[in-house]
Amino acid sequence: MRNKEEIRLQRVVMALCAILFAVFSFLFVAVYQAPLLEVLYEKVATGKLQYNPYVAGGFISAILTILALWLNKFTAFKREWTALSFIPSVLILTFVTDINRGIYTGEYNYVKWITVFAVGVFAYAAFSFVLRRMLFAKIKNIAMSANRIIWRNLQIFVIMFCLTGFLVNGEENFKREALIHSCYNKGDTEKALKVGYLSNTASQSLTAQRAYILVKEGLLGEKLFEYPQLYGSEGLLPQQKQISPLAPDSVFAMLGTSPASDESSSATLLRAVSLESPSTIAKEYYLSALLLDRRIVDFVDAMGRIYPDTDFKNLPKHYQEAIMLYASISGDTTIVCNNNAMQEQFNAFRTLEIQHEDPFVRGNHIRRKFGRTYWWYYLYGNI
């Protein structure tokens, strides 16, 4: 009678373990690592099927769960040790979802994974031998409540799941770049631009990716300084060698030129606007590069050549801010800044400046209200 109860309890425990692992692996693939798996799929897929994270999550979780159930027929992990039968599946799940810039650069840390698999397989074999040959024979007649058995298995799963999260790619910027790429491909521009928009550790690749979206949407001169700019004009263009989901060729094709070896972004953009018929995108990139490098005199001069007859009010917000700041610094009275609302904001900006003597305190205080303006960037940002 007790044998039947033990068998029934073991089936319940195994079923609960299988469900728990399946749910975790599905969420891990379909939600947590979905953007990274999507960029991997785009890189290696030869067909034209659109990547579906839920289909991928369901398929991977089903295969790995079945694998664990099949292996347990031979290892026969029981009772409070049942969760150990999922060690190989956890290792495979971790390996499959460990995606980094190596998919673009061709570099991958195989040594780490050879070590992890070797340790994992050894631990799996050792646990199986010890538990089957030594421990199970001693504890099979020891009564243990179902709740305690389930709780022990849950603890083992928590440890394995934490190790999974620890071993997979931990570069936050690459995850953000993948998420931006995924959101923009799905047409959710607003969500794409919000990814990491408060981060002061954004990578150069992420900054270039955001600039690419802004220029494609015609918003570069309107919203560029609403996001952290840590690299000057070098943050506008991707590196020549692809290291992120943003393909360099897609940007250089819009500019009509490619950078020469070791050429700065500002030099590349100057050549782009010097072409016989430069694109509007090249002009926007170039003007933004001048602003990012604080070349405000060159910016005003370039504006006179690129937009000679455009009314001040019709210019993008950051262009207006830069021209207004230049007029204030240079004292040039020939520049007409006919935007009363912005003029009032600029006056408030200047008034706030004189209220704090310490430059650091002044910069932080002004940032709370004007941190998304070119005025704050030019005078206090990243210096």
Side-chain angles (χ1 to χ4, degrees), residues 193 197-202 204 206-208 210-211 214-215 219-237 264-270 273 283-307 310 312-383:
L193 291 173
Y197 78 103
L198 293 177
S199 172
N200 285 319
T201 58
Q204 186 270 342
L206 188 149
T207 306
R210 189 184 289 128
L214 288 172
V215 80
L219 298 172
L220 195 62
E222 193 71 29
K223 294 189 174 183
L224 179 63
F225 293 98
E226 293 186 8
Y227 307 96
Q229 300 299 328
L230 311 175
Y231 306 94
S233 60
E234 293 303 314
L236 283 176
L237 302 181
S264 67
S265 294
S266 57
T268 302
L269 293 171
L270 177 59
V273 295
K283 295 175 184 177
E284 297 302 309
Y285 263 125
Y286 176 65
L287 291 171
S288 295
L290 294 176
L291 291 180
L292 285 164
D293 290 341
R294 295 181 173 82
R295 295 166 57 188
I296 195 169
V297 176
D298 293 335
F299 170 79
V300 172
D301 179 63
M303 284 293 297
R305 289 182 282 105
I306 295 175
Y307 298 112
T310 304
F312 179 82
K313 273 189 172 182
N314 295 328
L315 293 173
K317 183 183 75 170
H318 295 317
Y319 295 0
Q320 293 185 47
E321 292 170 346
I323 294 171
M324 191 173 287
L325 180 62
Y326 170 79
S328 173
I329 294 173
S330 66
D332 191 338
T333 56
T334 63
I335 296 177
V336 180
C337 303
N338 57 341
N339 186 332
N340 294 332
M342 182 173 286
Q343 186 65 58
E344 288 179 7
Q345 282 188 317
F346 185 65
N347 293 339
F349 176 87
R350 285 303 200 190
T351 301
L352 202 57
E353 278 190 301
I354 63 177
Q355 293 178 1
H356 303 277
E357 293 184 6
D358 186 277
F360 181 78
V361 174
R362 183 167 61 242
N364 281 332
H365 192 73
I366 293 173
R367 183 176 188 172
R368 296 172 190 172
K369 188 173 183 181
F370 298 99
R372 295 186 175 186
T373 66
Y374 182 68
W375 309 324
W376 184 88
Y377 174 85
Y378 182 87
L379 295 169
Y380 303 102
N382 195 30
I383 55 177

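As the structure is a prediction and not an experimental result, all values here were calculated from the model.
Between Tyr286 and Val273 the shortest heavy-atom distance is CB-CG1, 3.4 Å. Annotation for Asn200 and Arg367: closest pair OD1-NH2, 3.7 Å, computed over non-hydrogen atoms. Contact detail for Met303 and Ile323: the closest heavy-atom pair is CE-CD1, 4.3 Å. Contact record, Glu234 with Ser265: OE2-N, 2.9 Å, taken as the closest heavy-atom pair. Contact record, Leu236 with Ala211: CD2-CB, 3.9 Å, taken as the closest heavy-atom pair.
The side-chain heavy atoms of Glu353 and Phe370, taken from C-beta on, include no pair separated by under 4.5 Å. Counting heavy atoms from C-beta on, the side chains of Thr373 and Gln345 never come closer than 4.5 Å. Taking the side chain as every heavy atom from C-beta outward, Thr207 and Leu230 never approach each other to under 4.5 Å. Phe299 is not listed as a side-chain neighbour of Ser288, based on a closest heavy-atom distance of 4.5 Å or more. Looking only at side-chain heavy atoms (C-beta outward), Val336 and Phe312 stay at 4.5 Å or farther from each other. Looking only at side-chain heavy atoms (C-beta outward), Arg295 and Ser233 stay at 4.5 Å or farther from each other.
Between the NE2 atom of His318 and the CD atom of Gln320 there is a distance of 11.0 Å, given to the nearest 0.5 Å. Here the straight-line distance linking atom OH of Tyr307 with atom CG of Asn314 works out to 12.0 Å at 0.5 Å rounding. Here the CD1-CG distance, from Ile296 to Leu325, works out to 4.0 Å after rounding to the nearest 0.5 Å. Note that the OG1 atom of Thr351 and the CD atom of Glu344 stand 11.5 Å from one another [nearest 0.5 Å]. The distance from atom OH of Tyr374 to atom CG of Leu379, rounded to the nearest 0.5 Å, is 9.0 Å.
The main-chain N or O of Val297 is never found under 3.5 Å from a side-chain atom of Asp301 such that the two would form a donor-acceptor pair. Put simply, the side chain of Gln343 never gets that close to the backbone of Asn338: no donor and acceptor are under 3.5 Å apart.
Under the salt bridge (charged side-chain N to carboxylate O under 4.0 Å, His left out) criterion, Arg368 pairs with no residue, sequence neighbours left out. By the ring pair (Phe, Tyr, Trp, His ring centres under 6.0 Å) test, Phe346 pairs with Trp375, sequence neighbours left out.
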Donor-acceptor pairs are to be reported for all side-chain atoms of residues 219-228 against protein atoms at under 3.5 Å, with residues two or more places apart or in another chain.
unit_1, atom_1, unit_2, atom_2, d
Glu222, OE1, Lys317, N, 3.1
Glu226, OE2, Lys317, NZ, 3.3

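Shown are Arg372, Gln229, Glu321; of these, the side-chain contact (heavy atoms from CB on, under 4.5 Å) with Tyr377 is made only by Gln229.
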> Going through the checks in order, is the side-chain contact (heavy atoms from CB on, under 4.5 Å) test met by Leu291 and Tyr378?
Replying inline: CA-CA 8 Å; Leu291 291 180; Tyr378 182 87; over 6 Å; no
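If you check the side chains of Arg362 and Tyr380, you find a donor sitting under 3.5 Å from an acceptor.
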